Visitor: 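Take a look at this one; I'll ask things after.
Nothing here was measured: the structure is a model prediction, and the numbers come from that model. Chain letters run A, B, ... following the sequence lines, proteins first, then strands; residues in each count from 1.
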Protein chains: 2
Amino acid sequence: MFIQIQPHSDTPIYIQLTQQIIEGIVNKDIEPGESLPSVRTLAADLGVNMHTVNKSYHELEKKGLITIIPKSGAIVNVPRKMGNANAEQLDYMEKMLRPVVAEGIVQGLGMNDFEKLIKRLMKTLY
Amino acid sequence: MFIQIQPHSDTPIYIQLTQQIIEGIVNKDIEPGESLPSVRTLAADLGVNMHTVNKSYHELEKKGLITIIPKSGAIVNVPRKMGNANAEQLDYMEKMLRPVVAEGIVQGLGMNDFEKLIKRLMKTLY
DNA sequence: CAATCTGTTCTACTTGAATTATAACAAATT
DNA sequence: AATTTGTTATAATTCAAGTAGAACAGATTG
């Protein structure tokens, strides 16, 4: 797989995993309808515990990105079309962005800088 | 002061503090040259430990936002002019933004959505 | 100058999250 | 029938976060 874990990072392993799987979905390394590896398999591949992977999968399910079928496996959901996020999702993203934007401003970034960064990231990720 | 701590949040107290002080600086509740309250005073006000506030202040110093004068106090630095962030700062912000943007994309946000959110946040914060 | 306030440093303790480690179970798959 | 699946439960370890108290030395203040 495309995932690399830094065991001694200050961001928890299950969050690193969640973020990288999200990038994998965005980047279409994993296509909608595909199954994720079983928690045991992925755990063995990454050298981490089964429960850590399980926790990550449930995070992804909370975010609506995968569906966990009990006793069977985890399947990547069909992604939303671009630009049709609902109000709830926009609120959620605003809360995520707020401290990042505040820090950006205080670091001297202007609207242009934010636009460039996001455009670049969208190209890189998408 | 303008700070409100949620003791049982999943984001650590010292990070809540750091973020809110950053917003205070951006929002000019605290002007450049002003002193922050002493670690003991602020800790007493917020009902948290001295060392927690101290940790937050040192985070702010790492970010270049305040200057801690040993045995004296902490002073808010003159902020950078808008739109003249250097390459290092842009790299740093790109790393901060990356997981947020990835999650935004997967939640259905398009470039327009990001622009609107950031414009709104900049108005709110600045 | 004396008293107070400052950040600093140190030790110690508690709490809880994160992670690992097994084990067992029942449903699904092969 | 055997294996694989996610689920659940228990237990242990590790470490960050937070609290607590004390002592120190420089800075500030009256």
Visitor: Counting only side-chain N and O atoms of Ser38(A), is one of them less than 4.0 Å from OP1 or OP2 of dT5(D)?
Guide: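 For dT5(D), OP1/OP2 do have a side-chain N/O of Ser38(A) under 4.0 Å.
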
Visitor: Would you classify His58(B) as touching base, sugar-phosphate or nothing, given that sugar-phosphate means primed atoms plus P, OP1 and OP2, and contacts are heavy atoms under 4.0 Å?
Guide: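 Sugar-phosphate: the residue His58(B), judged by heavy atoms under 4.0 Å, touches backbone atoms but no base.
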
Visitor: Between dG26(D) atom P and Lys71(B) atom NZ, what is the distance in whole Å?
Guide: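 That distance rounds to 8 Å.
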
Visitor: Quick one: Ile69(A) CD1 to dT4(D) C1', roughly how many Å, whole number?
Guide: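 In whole Å, dT4(D) C1' lies 15 Å from Ile69(A) CD1.
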
Visitor: Once you apply a heavy-atom cut-off of 4.0 Å, does Asp10(B) come out as touching a base, just sugar-phosphate, or nothing?
Guide: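 The answer is nothing, as Asp10(B) stays clear of every strand by at least 4.0 Å.
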
Visitor: Report the distance from atom CZ of Arg40(A) to atom P of dT3(D), rounded to the nearest whole Å.
Guide: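 In whole Å, dT3(D) P lies 14 Å from Arg40(A) CZ.
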
Visitor: Tell me if the side-chain of His51(B) makes a donor-acceptor pair with the base of dG21(D), cut-off 3.5 Å, by modelled atom types.
Guide: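 Check passes, donor-acceptor contact within cut-off.
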
Visitor: For Asn27(B) and Asp29(B), indicate whether the former's side chain and the latter's backbone hold a donor-acceptor pair under 3.5 Å.
Guide: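 No, Asn27(B) side chain to Asp29(B) backbone: no donor-acceptor pair under 3.5 Å.
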
Visitor: Please determine whether a side-chain nitrogen or oxygen atom of Lys55(B) lies at a distance below 4.0 Å from atom OP1 or OP2 of dA17(D).
Guide: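 Answer yes for this pair, as a side-chain N or O of Lys55(B) is under 4.0 Å from OP1 or OP2.
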
Visitor: Do Tyr57(A) and Lys62(A) have side chains that get closer than 4.5 Å, going by heavy atoms?
Guide: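 SC-SC contact between Tyr57(A) and Lys62(A) ruled out.
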
Visitor: Nearest to the side chain of Met50(B) - dG6(D), dG21(D), dC24(D)?
Guide: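 When the side chain of Met50(B) is considered, dG21(D) is the closest of dG6(D), dG21(D), dC24(D).
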
Visitor: Rounded to whole angstrom units, what separation is found between the OH atom of Tyr14(B) and the C1' atom of dT19(D)?
Guide: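 About 16 Å, once rounded to whole Å.
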
Visitor: Nearest to the side chain of Ser72(B), heavy atoms from C-beta on, is which of dA23(D), dT28(D), dG18(D)?
Guide: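 Of all the options, the side chain of Ser72(B) is nearest to dT28(D).
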
Visitor: Nucleotide range of DNA chain C contacted by chain B, 5' to 3', under 4.0 Å to a heavy atom?
Guide: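 Range of nucleotides within reach of chain B: dT6(C) to dC10(C).
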
